[in-house]
Novice: 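Dumping the structure here so I can ask a few things about it.
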Amino acid sequence: MVSTVASDLVVNLSTAVLNQNDPGIVRDGAPAYLLLLDSLLENNPRDPVLLSSAATLYATYGTVFSEDANRASRLTQRAREYSNMAICSTYRPSCDWEGMLFTDYERTLDGLSAKDTQVMYSHGLSSLAWIRVHSADYTAIAYLPYVEALFERYLEINDGSDDATIHTYLGILKTLIPTGLGGDPEKGRAHFERAIQLSNGKDLSAKVEFANSYARLMYERDLHDRLLNEVLAADPEAPRLTLTNVLAQRQAKELLATADDYF
């Protein structure tokens, strides 16, 4: 297992990243952090803390900071591999998830408990990032119900600290594909609204995702513009939300700038 010093370093670095208000610093510095995590995993290849942290950062960097599609594909694939290893190292039934029928997969979720929430969060986030980057691939889309079921189980056993974020993820999942293929925009809207409520409006990414994933899908211009203007008017500084809020404000400006063309 990884040493306490290394584990504390990983946790503190992750927190520092989340509290950073300059995305450029994170974009430029994250590759060094990724290499650090890779090097720590060379000697601790089955450590769930390191694997989960590496998966989360690879997923985030691949979807937020990588502008090259091929690179984003590689980074989110690495995230998915790390997250699979992380959850397998703490919950043995998950080692057989790859290729498992959904009904069988659902039954394995009952054995997950509060001690598994860290690896569950990492696995869900990494899987969602991988699906979004590979959304043109039907094989990737087929994993949507698996990720949704995992997040629903997470909400059942978690202490509530990340529930707002999980509802945002569920909102994305419900609006990622058309209704005919299993999407449900109105359930997605309910998840986005719940995320905003639980975070007391402090998680600006929930409003941006609501606007981008639901309002644009349903061609609701008034809702779209209201949400994005609220994001731009908000204070982005909040514990463990500052980076995502600054990025949300940047995306809100871009979405508003293209709204006339879209609607």
Novice: Centroid-to-centroid, Phe102 to Tyr146, below 6.0 Å?
Specialist: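 Yes, close enough.
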
Novice: Scan side-chain atoms only and decide if His134 and Ser73 contain a donor-acceptor pair under the 3.5 Å cut-off.
Specialist: yes

Novice: Charged N to carboxylate O below 4.0 Å: is that the case for Glu148 and Lys174?
Specialist: yes

Novice: If we count only N and O atoms by modelled type, under 3.5 Å, do the side chains of Thr165 and Arg240 hold a donor and an acceptor together?
Specialist: no

Novice: Testing the 3.5 Å rule here: is there a donor-acceptor pair between the side chains of Gln197 and Arg194?
Specialist: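 Yes, Arg194 and Gln197 have a side-chain donor paired with an acceptor closer than 3.5 Å.
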
Novice: Using a strict threshold of under 4.0 Å (side-chain N to carboxylate O), is an ion pair present between Arg78 and Asp38?
Specialist: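 Between Arg78 and Asp38 there is a salt bridge, with a charged N closer than 4.0 Å to a carboxylate O.
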
Novice: Take atom CG of Asp222 as the centre, draw a 6.0 Å sphere, and report whether it contains more than 12 heavy atoms from other residues, nucleotides or ligands.
Specialist: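 12 or below, so no.
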
Novice: Should the pair Glu220-Arg189 be classified as a salt bridge under the 4.0 Å nitrogen-to-oxygen rule?
Specialist: yes

Novice: If the test is side chain to side chain donor-acceptor pair (under 3.5 Å), which one of Asp162, Asp116, Thr117 qualifies with Tyr154?
Specialist: Asp162

Novice: Within a reach of under 6.0 Å around OH of Tyr262, are more than 12 heavy atoms found that belong to other residues, nucleotides or ligands?
Specialist: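 Yes - once you tally the heavy atoms of other residues, nucleotides and ligands closer than 6.0 Å, there are more than 12.
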
Novice: Answer yes or no for Arg27 and Phe65: cation-pi contact, defined as NZ/CZ to six-membered ring centre under 6.0 Å and angle to ring axis within 45°.
Specialist: no

Novice: Less than 4.5 Å apart, any side-chain heavy atom of Val231 and any of Leu227?
Specialist: no

Novice: If we ignore angles and hydrogens, is there a donor and acceptor under 3.5 Å between the side chains of Ser205 and Asp203?
Specialist: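 A donor-acceptor contact under 3.5 Å links the two side chains.
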
Novice: According to a hydrophobic-cluster definition based on side-chain heavy atoms being under 4.5 Å apart (Ile, Leu, Val, Met, Phe, Trp, Tyr only), do Leu241 and Leu18 belong together?
Specialist: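 Unlinked, Leu241 and Leu18 end up in two clusters.
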
Novice: Using a strict cut-off of less than 4.0 Å between a Lys/Arg side-chain nitrogen and an Asp/Glu carboxylate oxygen, indicate whether Glu209 and Arg132 qualify as a salt bridge.
Specialist: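 A salt bridge is present here (some side-chain N lies under 4.0 Å from a carboxylate O).
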
Novice: Looking at Ser39 and Leu36, would you say the former's side chain and the latter's main chain have a donor-acceptor pair under 3.5 Å?
Specialist: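 Yes, Ser39 side chain to Leu36 backbone: donor-acceptor pair under 3.5 Å.
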
